[in-house]
Amino acid sequence: MTDIVEVYEHANHRSWQHQSIISYLKSLGLPEYAIDSLMTAGRIESRQRGDIVSYGREWIHIITRGVIKETTSHGTARLWRRGTILGDISRVMLRKRTINQQLDYWGTGPHITFLTTGVCLSLTARTFAGLIEKEPVLALLLAQLTSDHSQTVESVYASSKADPRVRVARLLEYLVVPSRLRDGTERIRWTRNGIHPVPEGAFTLTGPSQADIADALGLGRTTVEKAIAALRAEGILNSLEPGTRSNRYYEIMDYSRLKSLARSDS
């Protein structure tokens, strides 16, 4: 299967790793002094597709760019986008660890597989708790990210009785980040057969394969393939020409209809 990559060309060549974190945290209304505290205390890591991050259970991770696959120690797989917080948040809120937490302190946390190029800000729960004591505004950040995480679990992953086509639509609608192009930005994708422009007005999602989607939703791969085919037949997803197709790339031609389907009760 041919890989398809989307390229963004910007005149600004600042460190994209740091800029990714700063831009995201500013979008949440976090003041600069709190952003500086987080970035100074945490690990800033840029990752390529296929890279795996696996720290101990004491670590908290904030994804500020990219799409990732989380695999828990129990084997549960879920897909997450920018703005996700992963880890045992209770460790941040409880400065004194429980007996069970003390026993598994050195255990392995979730495996995070980057499905695209991405950026991750990581810090220990103890460090995070210490920062909150100094900068209480960070408690609001933690609460917001935790709330968003819970809402995503409820709306995307807890709807097992919904039609598979609707469930796939909900996951795609969650993962894609609708954005308008800046002036001077050109989007292209390339395959072994050549370079192709991304259709004007299309939203794109790169990273998860249909197998990844099936694993995350607990569906069969054939079921997901049929759901994707149905979305293409309806014009919600673009049907790529032979030779340019990839099961890790999706062009959303009608985001409004995707959103409407994702929020339906079918």
Side-chain angles (χ1 to χ4, degrees), residues 1-6 49-54 61 63 66-87 109-116 118 147-178 202-240 242 244-266:
M1 190 66 69
T2 304
D3 288 333
I4 300 179
V5 180
E6 187 174 0
R49 192 182 79 183
D51 287 351
I52 296 176
V53 174
S54 182
H61 308 281
I63 309 300
V67 175
I68 63 101
K69 180 177 182 178
E70 175 199 21
T71 305
T72 68
S73 58
H74 302 292
T76 301
R78 284 175 176 165
L79 304 180
W80 303 102
R81 69 175 187 189
R82 169 193 181 192
T84 296
I85 186 168
L86 299 174
H111 281 65
I112 300 173
T113 304
F114 280 81
L115 303 181
T116 63
S147 175
D148 291 346
H149 187 279
S150 298
Q151 289 178 17
T152 300
V153 171
E154 180 67 25
S155 63
V156 176
Y157 295 112
S159 55
S160 59
K161 294 183 179 180
D163 183 272
R165 175 170 146 273
V166 173
R167 296 187 64 198
V168 170
R170 287 174 180 171
L171 181 56
L172 293 179
E173 193 254 341
Y174 160 69
L175 291 175
V176 71
V177 181
F203 294 140
T204 60
L205 172 63
T206 304
S209 66
Q210 293 181 14
D212 292 327
I213 293 173
D215 290 343
L217 296 177
L219 296 171
R221 297 187 183 184
T222 300
T223 300
V224 171
E225 289 175 2
K226 290 180 179 179
I228 295 291
L231 295 176
R232 286 173 176 158
E234 296 173 33
I236 295 176
L237 297 182
N238 192 16
S239 296
L240 301 176
T244 71
R245 296 172 182 168
S246 170
N247 69 346
R248 291 187 178 273
Y249 178 82
Y250 311 86
E251 287 181 355
I252 299 170
M253 305 303 295
D254 195 333
Y255 179 73
S256 295
R257 288 180 61 196
L258 177 71
K259 186 175 180 179
S260 176
L261 176 61
R263 301 189 180 187
S264 69
D265 295 326
S266 300

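Distance check: Ile252 CD1 to Arg257 CZ gives 13.0 Å after rounding to the nearest 0.5 Å. Between Asp254 atom CG and Phe203 atom CZ the span is 10.5 Å, to the nearest 0.5 Å. If you take CD on Glu251 and OG1 on Thr204, they are separated by 7.5 Å, rounding to the nearest 0.5 Å. One distance of note links OG of Ser239 with CE of Met253; it measures 10.0 Å at 0.5 Å rounding. Taking CG of Asp51 as the reference point, atom OG1 of Thr113 lies at 9.5 Å (rounded to 0.5 Å). In this structure, the separation between CD1 on Ile68 and CG on Leu115 is 7.5 Å, given to the nearest 0.5 Å.
Of the listed residues (Val176, Thr84, Val177, Leu205), just one forms a side-chain contact (heavy atoms from CB on, under 4.5 Å) with Val67, and that residue is Leu205. For the side-chain hydrogen bond (donor to acceptor under 3.5 Å, both in side chains) test with Arg170, the passing option among Ser159, Ser264, Ser155 is Ser159; the others fail.
In this structure a side-chain-to-backbone donor-acceptor pair under 3.5 Å is present from Arg248 to Gly207. Distance alone, capped at 3.5 Å, places no donor-acceptor pair between the Arg221 side chain and the Ala214 backbone. Within the 3.5 Å criterion, the main-chain N or O of Leu79 finds no donor-acceptor partner in the side chain of Tyr174. A side-chain donor-acceptor contact under 3.5 Å links Thr152 to the backbone of Asp148.
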Verdict with supporting geometry, Tyr249 and Asn238, side chain to side chain contact (heavy atoms under 4.5 Å, CB included):
CA-CA 10 Å; Tyr249 178 82; Asn238 192 16; over 6 Å; no
Take Leu172 and Ile228 through the side chain to side chain contact (heavy atoms under 4.5 Å, CB included) test and state the conclusion after the steps.
CA-CA 10 Å; Leu172 293 179; Ile228 295 291; 4.2 Å; yes
Decide side chain to side chain contact (heavy atoms under 4.5 Å, CB included) for Thr223 and Val168; before the verdict, give the C-alpha distance in whole Å, the side-chain angles of both, and the deciding distance to 0.1 Å.
CA-CA 10 Å; Thr223 300; Val168 170; over 6 Å; no
Walk me through it: do Gln210 and Tyr250 pass the test side chain to side chain contact (heavy atoms under 4.5 Å, CB included)?
CA-CA 10 Å; Gln210 293 181 14; Tyr250 311 86; 3.9 Å; yes
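Residues Arg165 and Glu234 have side chains in contact (heavy-atom distance under 4.5 Å, counting atoms from C-beta outward). For the pair Val156 and Arg78, the minimum side-chain heavy-atom distance is 4.5 Å or more.
Closest of all the heavy-atom pairs between Pro208 and Ile213 is CB-CG1, 4.4 Å.
If you check the side chains of Ser150 and Glu154, you find no donor sitting under 3.5 Å from an acceptor.
Ring orientation note: the planes of Trp80 and His149 are close to parallel, at an angle under 30° on the 30°/60° scale.
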